[in-house]
Amino acid sequence: MSFSVTTWNINSVRLRLPIVEQFIVREKPDILCLQEIKCRAEEFPLEPLQKMGYEHIILHGQKGYHGVAILSKVPLTEDHRQDYCGVGDARHISAIFERGSRRIRIHNFYVPAGGDEPDRSVNPKFGHKLDFVEEMKALKASTPGVSSILVGDLNIAPLEHDVWSHKQMLKIVSHTPVETEGLTDVMEKGGWLDLMRQHVPASEKLYTWWSYRAKDWEAADRGRRLDHIWSSPDLGPFLEKIEVLKEARGWNRPSDHVPVTATFRF
DNA sequence: ATGGTGGCATCGCCA
């Protein structure tokens, strides 16, 4: 039995509905996790997406900012929406579904970007990001009888080859040591597997995001791996492939992030 | 060389 899950920071689901539809027609993942939907729950384009086969949709929305959604072809029950840092942001939602004989919990995250200055004493947004990551360290991949998948825009590129220049990025928010070590701690304390790096060696460049500010994003290729797919160790052996759909960065009115899909064969 | 672009709560803030 095959099963696929996609994560995609869509940067406004209402504005980008045409490319979400384009992606669905092409890839048809079983579950599609979106971040930065940038709308309230009642503004989410439920009907067109349900008509395309995603009958089960749960979402944590917010007016204008953040917001995460899980769209599924298979029945899904909402598990939890954690208010990280207690600030009322819509940055997490989790759900449970069944696939064959397995029960799987899926977490969808949008971690704060953290602003420009990597110093919490002058930039509270950086402090918020570090506190958010600290709180994620409590999240366990393995709970009795339930496997886990964690996806989302984690806004941290943890490895050297997750950025175009490790040396030039060390003081840039998303790749500072305090962030990359923090995210590594979240993975190690929680017992999570980095599925993208299980499939693509750590020595190879791997990006999921290219800035809007480059004159020619493709020629410059100054990308970062900010989007991630993790799982509990029991699912690792069943990973069949990882696809980073780089061409979506060149679609009409693109998001600055591209979809990443993990396919399992159980 | 310290901007550049894009979205929305739109003329400021966030990414």
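Worth saying up front: this structure is predicted, and the values here are computed from it rather than measured.
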C1' spacing across the pair dG7(B) / dT2(B), given as an integer number of angstrom: 23 Å

Value in whole Å for how far the P atom of dA1(B) lies from CZ of R222(A): 16 Å

C1'-based separation of dA15(B) from dT10(B) [nearest Å]: 15 Å

Give me the distances for all protein-to-nucleotides 10-14 of chain B N/O pairs that come in under 3.5 Å?
residue : atom : partner : partner atom : Å
dC14(B) : OP2  : K125(A) : NZ           : 3.4

Interatomic distance where CH2 belongs to W209(A) and C1' belongs to dG6(B) [whole Å]: 12 Å

Flag for S174(A)-R224(A): side-chain donor and acceptor within less than 3.5 Å: yes

First of A214(A) and H257(A) reached from the 5' end of DNA chain B, by closest nucleotide: A214(A)

Atom C1', compared across dC11(B) and dG6(B): separation rounded to whole Å: 16 Å

Exercise: do T6(A) and T261(A) side chains pair donor with acceptor under 3.5 Å: yes

Nearest-Å distance for atom pair CZ/P, residues R224(A) and dA15(B): 14 Å

Atom-to-atom span, CG of L17(A) to P of dG7(B) - whole angstrom: 15 Å

Sugar-phosphate only, base, or nothing, as touched by R16(A) at under 4.0 Å among non-hydrogen atoms: sugar-phosphate

N or O in side chain of S12(A) less than 4.0 angstrom from dG6(B) OP1/OP2: no

Gap between atoms NZ and C1', on K215(A) and dT5(B) respectively (whole Å): 12 Å

Working for ring pair (Phe, Tyr, Trp, His ring centres under 6.0 Å), residues H92(A) and H107(A): CA-CA 7 Å; H92(A) 169 263; H107(A) 291 277; 5.3 Å; yes

Heavy-atom pair with the smallest gap, counting every atom of S4(A) and T263(A): CB-OG1, 3.8 Å

Which nucleotide in dT5(B), dC8(B), dA15(B) has an atom nearest any side-chain atom of Y212(A): dT5(B)

Distance in angstrom units between I10(A) CD1 and dC8(B) C1', rounded: 16 Å

Residue pair N9(A) / E36(A), side-chain donor-acceptor N/O under 3.5 Å: yes

Lys/Arg cation over aromatic F266(A): R99(A), 6.0 Å, 45° cone: no

Gap between atoms CG and C1', on D89(A) and dA15(B) respectively (whole Å): 13 Å

Nearest non-hydrogen partners of A157(A) and T180(A), listed with the distance: O-CG2, 3.5 Å

For atom CG of N252(A) and atom C1' of dG6(B), their distance in whole Å: 14 Å

